[in-house]
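Notes follow the structure.
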Amino acid sequence: MAMHDLIARIRSRVDDLNRSERKVADVILQDPNAAIGMSIATLAQAATVSEPTVNRFCRNFETKGYPDFKIQLAQSLAGGTPYVSRSVESDDAAAAYTDKIIGATIAALDEIRRGIDPRRIERVVDHLSQARQIHFFALGASAPAAFDAQNKFFRFNLPVGAYNDVLMQRMIAAASHTGDVIVVISYTGRTRDLVEVAQVACDAGALVIGITRDGSPLANVCTDILPVDLPEDTEVYMPMSSRMIHMALIDVLATGVTLRRGESFLPHLRTIKESLRPTKFPPKEA
């Protein structure tokens, strides 16, 4: 993630701030656009803290003071859609939770777009392009992304599987060899079964790619990772934005592999597409 993204930096450090500074952060994250227009006195009053506390908060984020902080905040907003934490509340009406969920998904996609390292994408595409066979592993809410990946990658004329059963995952991991690629998808990266399966696959000689949180137990045992670091409450509600991110990254990787195959591979893809034509009703005449 780019260091100039002040909003992302504030959000990532909220838990490390003291109580007073956290109040300042909460006011800013609740409505960054409004914060830009506030004087230091107005912000201090909104956060129920002193003006020196606001100044100290600003300097904690490598700014020279409140005016410089507001300039960087404005630049952060100009860089893309801010991911502002807006949790679904138990008394939310349909309009409120619909707006929160869709807004959070749009912001999450934009944040990943701005923060993803293209070199990581290139490296993972290299791994997948050279694979002897590919397996996608996931559990729970991440499983749809694995099956979506199978649907896309089988078109590349190599064995591809998707599994959400732990016992099958363990057996496949144990039977894997050098040249096999196993992609493990997990938002938290803390699911014990998936971490153990990834370790088994690595020990067997497979190359293991994690689509997961950077620094998580899963990330620490994988050969390579595509990091997905988003603030999402998975303790109460099922993962929402992260699932969309996983599928978007699968699309990116599938496109990368397609481009590596070159134009000579396009007739094969067209043949697969054409095979579905008889299964559809013709479009209605205008």
Side-chain angles (χ1 to χ4, degrees), residues 105 108 112 120 124-125 127-230 232-257 272 275-276 279:
T105 299
I112 288 295
R120 284 186 182 268
V124 172
V125 168
H127 297 323
L128 295 169
S129 298
Q130 299 167 20
R132 187 174 66 94
Q133 59 180 338
I134 304 173
H135 300 293
F136 294 91
F137 291 172
L139 296 174
S142 297
F147 289 104
D148 183 57
Q150 180 188 35
N151 183 52
K152 291 180 171 65
F153 277 79
F154 91 92
R155 305 159 196 263
F156 297 126
N157 278 340
L158 75 164
V160 177
Y163 306 91
N164 64 344
D165 178 86
V166 171
L167 297 181
M168 184 62 74
Q169 290 173 355
R170 291 187 74 95
M171 289 188 288
I172 291 171
S176 60
H177 300 90
T178 301
D180 296 344
V181 174
I182 293 178
V183 181
V184 185
I185 306 170
S186 171
Y187 167 67
T188 67
R190 292 186 285 108
T191 304
R192 191 181 302 274
D193 286 328
L194 285 177
V195 176
E196 292 176 354
V197 164
Q199 187 64 65
V200 169
C202 285
D203 293 343
L207 191 149
V208 181
I209 299 167
I211 300 180
T212 188
R213 295 183 72 88
D214 199 7
S216 66
L218 176 59
N220 291 337
V221 302
C222 288
T223 313
D224 207 345
I225 70 163
L226 280 182
V228 178
D229 298 317
L230 296 171
E232 186 169 50
D233 182 7
T234 60
E235 301 301 327
V236 178
Y237 300 106
M238 65 181 179
M240 299 176 191
S241 300
S242 60
R243 189 170 62 247
M244 303 302 293
I245 296 298
H246 291 158
M247 289 187 172
L249 287 176
I250 292 298
D251 285 347
V252 168
L253 296 176
T255 300
V257 174
I272 295 175
S275 73
L276 299 177
T279 69

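Being a predicted model, the structure only gives us computed values, none of them experimental. Residue numbers run from 1 in the order of the sequence given.
For Asp203, the side chain to side chain donor-acceptor pair (under 3.5 Å) partners at least two apart in sequence or on another chain are Gln199. Legend: residues meeting side chain to side chain donor-acceptor pair (under 3.5 Å) with Gln133, ordered by chain and number and at least two apart, are Asp180. With sequence neighbours excluded, the residues that form a side-chain contact (heavy atoms from CB on, under 4.5 Å) with Pro227 are Arg120, Asp214, Ile225, Asp229. Take Arg155 and apply the salt bridge (charged side-chain N to carboxylate O under 4.0 Å, His left out) test, not counting sequence neighbours, and it matches no residue.
Contacts classified as ring-ring contact (aromatic ring centres under 6.0 Å, His included) and involving residues 157-177 (residues at least two apart or in different chains) are given here: His135-Tyr163.
Contact of the Phe147 side chain with the Asn164 side chain is registered, since non-hydrogen atoms from C-beta on lie closer than 4.5 Å. Contact check for Val221 versus Val195: side-chain heavy atoms found under the 4.5 Å cut-off. For the pair Thr223/Cys202, a side-chain contact is recorded, criterion being any heavy-atom separation below 4.5 Å from C-beta on. A 4.5 Å side-chain heavy-atom check between Ile211 and Val228 finds at least one atom pair inside the cut-off. Looking only at side-chain heavy atoms (C-beta outward), Arg190 and Arg213 stay at 4.5 Å or farther from each other. Annotation: side chain of Gln169 is in contact with side chain of Leu139 (closest heavy-atom distance under 4.5 Å). Side-chain atoms of Ile134 and Phe156, non-hydrogen and from C-beta on, never get closer than 4.5 Å to each other.
With values rounded to the nearest 0.5 angstrom, Leu226 atom CG is found 12.0 Å from Ile245 atom CD1. Between Ile182 atom CD1 and Phe137 atom CZ the span is 4.0 Å, to the nearest 0.5 Å.
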Item to check | Working for side-chain contact (heavy atoms from CB on, under 4.5 Å), residues Phe136 and Val160 | outcome: CA-CA 8 Å; Phe136 294 91; Val160 177; 3.8 Å; yes
Side-chain donor-acceptor contacts of residues 246-254 below 3.5 Å, not counting sequence neighbours, with atom names and distances?
from: His246; atom 1: ND1; to: Ser242; atom 2: O; distance (Å): 3.4
from: Asp251; atom 1: OD1; to: Lys152; atom 2: NZ; distance (Å): 3.2

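With Ser142 contributing its side chain and Ser186 its backbone, the two residues share no donor-acceptor pair below 3.5 Å.
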